[in-house]
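Heads up: the structure comes next, in structure tokens.
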Amino acid sequence: MLLLLAFKRTELRHPMIVVHDGQEAIDYLDGQPPFHDRIVHPIPALLLLDLKMPRLNGFDVLAWWAKRPDLRDIPVVVLSSSSHPSDMAKAKQMGAREYIVKPHGFAQLSRLLQELCGRWMPAVAV
């Protein structure tokens with residue numbers, strides 16, 4: 001919820017797609033119903049992935065994503081509360097482009113989202 005609020009505050013022109021757990025993330029990326037209509041549910045330009053999600057965790061999603069060459073162009077950024085070096089190393093080894101420990105403040109989170117979108121997402125026409 002905080003991430004969605006921070007995204008709205010940044011006023012970025014990219015749509016934000018929110019899923020509720022790791023299995024739903026895989027279903028969305030795979031185009032499984034109810035996400036099969038790619039006009040309504042487009043492939044994301046950036047995947048922000050938390051490690052601690054219900055059903056399947058972020059490492060499970062990364063492992064699935066790594067086996068999908070058709071989705072490998074989507075940059076994956078892990079945004080997690082874990083600052084464990086082993087989590088960081090494992091995520092990078094599995095293909096995450098960046099690993100960022102979640103900032104504590106709302107303003108820092110908004111700024112971080114702007115930076116990530118600027119770095120990984122194509123410009124959107126006004």
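By convention here, the first residue in the shown sequence is residue 1.
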Worksheet item: Angle class for the Phe35/His41 ring planes (parallel below 30°, perpendicular above 60°, tilted otherwise)?
Response: perpendicular
Worksheet item: Charged N to carboxylate O under 4.0 angstrom, Arg55 versus Asp60?
Response: no
Item to complete: Find the distance between CD1 (Ile26) and CD (Gln32) and round it off to the nearest 0.5 Å.
Response: 10.5 Å
Worksheet item: If you take all heavy atoms of Ile43 and Leu29, which pair is closest and at what distance?
Response: CD1-O, 3.9 Å
Worksheet entry | Over all atoms of both residues, closest heavy-atom pair of Arg97 and Pro75 | NH1-CB, 3.6 Å
Worksheet, complete the sentence: Of all heavy-atom pairs linking Trp65 and Leu71, the shortest is NE1-O, 3.0 Å
Practice prompt. Heavy atoms only: give me the nearest Leu49-Leu62 pair and the separation to one decimal.
Written response: CD2-CG, 3.7 Å
Worksheet item: Charged N to carboxylate O under 4.0 angstrom, Arg119 versus Glu98?
Response: yes
Item to complete: Could you walk me through whether Ser80 and Met88 pass side-chain contact (heavy atoms from CB on, under 4.5 Å), step by step?
Response: CA-CA 9 Å; Ser80 178; Met88 294 177 182; over 6 Å; no
Worksheet item: Can Gln23 and Asp21 be counted as having a side-chain donor-acceptor contact under 3.5 angstrom?
Response: no
Fill in: Pi-cation contact, Phe59 with Lys90 (under 6.0 Å, within 45°)
yes
Discussion item. Regarding Lys52 and Asp50, does a basic nitrogen lie under 4.0 Å from an acidic carboxylate oxygen?
Written reply: no
